[in-house]
Amino acid sequence: MKILFINPVVRMEDVPKHVPYGIALLAKICDLKGYQVQVFDANAWRPSRADVARVLEADRWDVIGIGGISTTYNYTQFLLEEISRLPFNPFVILGGGIITSMPHDIMKLMPRLDLGVIGEAFQTLPEVLDRLAHGNRNWEDVKGVIWRDAQGQSHLNSPRELMYKLDELPYPAWEMFPLEEVYFPNSQTLFSEEGMMAQRRLDINSSYGCSLICRFCFHLGLTGDMTVYERDNNRDVVFTYERDIRYHSPDYIVNLIVYMKEKYSIDFISFFDENLMTMNVATGGTWLREICEKMISAGLQPPHIRESRPFDPKRDIGKGIHWSGTSHASLCNPEILNLMRQAGCSHLVYGLESFNDRVLKNIGKGTTARQNKEAIAMTLNNGIRPIPNQIIGFPDEWFDSIYDAMDAWDEMGVVVKPFFATPYPGSEWYYTYKDRILEQYNNDLDAFMRDLGDATNVTAVISQNFNSVELLGLRELMVRRDRRKIREYDGLWAKLHGQPKFPKFKSAGWRDRLEEFRSGERLNLYVDPIGQ
Amino acid sequence: MSFLKGNYKLAQEVAPSQEEIPADKLLEQEYYKTALSKLGGSIAFIMKEKTFLWKGDEEDAAAKDAPS
């Protein structure tokens, strides 16, 4: 059986930098099962329409598998149009966050799809392929899929259990991606000096999920958050506050890095985990410590760190492994940060989001403004660059949180142009504000999906105090630290809008609400915010 | 090279000064310049020399130390 995996273009605004880890794993799983596999990394190649057509016609594919997050919506629709023109009829499967977040909606918006994999595909896709290989197209008892019946009606099956023995996963099929042609020339990451000098970077995912409940975030159905409910003989997904984080063993991770170094001569690794620190806390602080100690024992420590001297590009490029990851302001500590630096960590991405305690509490971030500042200092003091991600436009964003952000930026030396709070499908705030979101797109879900980007631009606004024009203007003035103009507008705002709104969100009691939701007593799992 | 160009010669030319960046700061300066040119979204950073390394509220600490 011939399988073509396609990685859709994620966004055109940036060069391709990241091999899609999930597709690379699935390609290797299919390879080991004995299928004939090709990968078309459209995001890497950015091909013309004619070239896409040539790729699709390059063989008579039995299966075409496409995977991605919600922001690949536009390109996935384009791919499906092109697939529809083929003179043969491959079985088309879509997986990833794009369909996991809204299975029925996507099946409706993408009529060419035959089947969707909902949540984790490591076990589901092989079962689907095995059935196809044996001419069996009965999907009723396959967990973790949405499928279409002869009348075109979509049916969602029970969820697939998460895979717990993660170390049984093979290493990703990096050999099927254009590393030398595209990815290694784009190795540079502008998050640290060492990242900027990276020559051969690859990414790895050493864990799945995050134990926190940030209301703008979505875990792709990989962290125990997703469940299925049934109403009127129809099933649909709902995302809860359940968290079931999973992680590879330190041995698997370090052996993988050694393999990457030996096979691909890499000099930099981006850990793309949602949040390394939650895994570390869940293991009582042993997980990251073991990873770091084993990296040093394996001889991966960069020589300039071993010799306690600054990184010198003339001497140190390509020596040892530098790496980056994700951290959390209330879960990091000086001991682990120091050890991470010793093991080659150059920068850590912190979703600090805000420096206002009300906003942070409503996000469900589990941090305070004070902890955010302490984390910056602690990380810098241990020789690691903290990347201070910021977002504006939260539901309770107000002038006070804007002033708090600018004050903290000045105090801490933060240079940033914030993201806009964006209600991606699958996040709590997508469901909380769904009606309002769709109103902004004339109730056209397709238009909203096509508009979604990487949150650097305004899309659907969920702020209850600011509209899109105000948010755009405020961000520009914040970046310029133009407090005078912001204060001027602050004075005018009340005349235009009246009293500010400070909605409060809560998660407590969600298990009871989930039961009420399942039984039909409640229409939404999430509680409408108080004080709208 | 001089900042001033005119129809007479100054007693002393005013040339652009050569900013002396310590060798160990060259890479850092290059990083700031490059990151700033791409600022936005996930590209954000901390200017180390401008950072007030916050170690908690001194007032809080003083309050804790004060005899009750």
Side-chain angles (χ1 to χ4, degrees), chain A residues 11 13-15 17 188-197 309-314 316 346-347 349-352 369-381 383-391 408-420 453-457 475 479, chain B:
Chain A
R11 60 175 185 273
E13 298 84 1
D14 199 4
V15 295
K17 289 188 169 176
Q188 183 185 60
T189 58
L190 290 177
F191 298 114
S192 60
E193 290 85 338
E194 292 123 339
M196 184 174 70
M197 303 311 292
R309 57 178 175 77
F311 178 77
D312 179 355
K314 289 176 188 156
D316 296 320
S346 69
H347 61 267
V349 176
Y350 284 85
L352 302 180
R370 179 191 171 109
Q371 286 172 320
N372 280 352
K373 292 177 185 178
E374 285 176 330
I376 289 175
M378 198 190 298
T379 309
L380 279 173
N381 286 344
I384 298 172
R385 275 198 176 277
I387 305 305
N389 278 350
Q390 295 281 274
I391 302 177
W409 298 352
D410 285 348
E411 184 183 354
M412 306 305 295
V414 173
V415 182
V416 65
K417 185 176 183 183
F419 287 109
F420 291 111
D454 67 355
T456 51
N457 293 315
R475 183 178 70 171
V479 171
Chain B
M1 198 187 303
S2 174
F3 280 124
L4 296 166
K5 290 188 184 297
N7 60 359
Y8 71 100
K9 190 169 173 58
L10 287 164
Q12 191 169 6
E13 286 196 346
V14 187
S17 53
Q18 297 296 314
E19 192 183 357
E20 289 204 9
I21 302 171
D24 63 343
K25 292 283 177 191
L26 278 172
L27 187 63
E28 184 178 272
Q29 293 304 313
E30 187 187 341
Y31 167 68
Y32 288 147
K33 194 175 161 186
T34 314
L36 196 58
S37 71
K38 301 264 174 122
L39 189 68
S42 59
I43 306 292
F45 58 93
I46 305 283
M47 293 283 280
K48 285 182 186 172
E49 64 270 29
K50 288 189 181 173
T51 304
F52 164 63
L53 285 183
W54 195 79
K55 296 182 173 71
D57 288 335
E58 287 177 8
E59 284 180 15
D60 285 0
K64 278 181 200 164
D65 295 340
S68 55

- Which answer fits A/F420, side chain, backbone, both or neither, if we ask what part of it has an atom under 4.5 Å from a heavy atom of chain B? neither
- Region of A/P313 in contact with chain B, defined by heavy-atom distances below 4.5 Å: side chain
How long is the straight-line distance from [atom2] of [Y] back to [atom1] of [X], given to the nearest 0.5 Å?
X: B/T34; Y: A/L190; atom1: OG1; atom2: CG; value: 6.0 Å
X: B/I43; Y: A/T189; atom1: CD1; atom2: OG1; value: 8.0 Å
X: A/E193; Y: B/F45; atom1: CD; atom2: CZ; value: 10.5 Å
X: A/M412; Y: B/M47; atom1: CE; atom2: CE; value: 14.5 Å

- So, does A/R385 use its side chain to make a donor-acceptor pair with the main chain of B/I46 at under 3.5 Å? yes
- Message: Any side-chain to backbone donor/acceptor pair from B/Y31 onto A/E194? Under 3.5 Å, distance only.
- Response: no
- Message: Please give me the minimum heavy-atom distance between A/F419 and B/S42, naming the atom from each residue.
- Response: CZ-N, 3.1 Å
- Please flag which part of B/L36 lies under 4.5 Å from any non-hydrogen atom of chain A: side chain, backbone, both or neither. side chain
- Message: Working note: A/M196 + B/L27, criterion side chain to side chain contact (heavy atoms under 4.5 Å, CB included); need CA distance, chi angles, decisive distance, verdict.
- Response: CA-CA 9 Å; A/M196 184 174 70; B/L27 187 63; 3.9 Å; yes
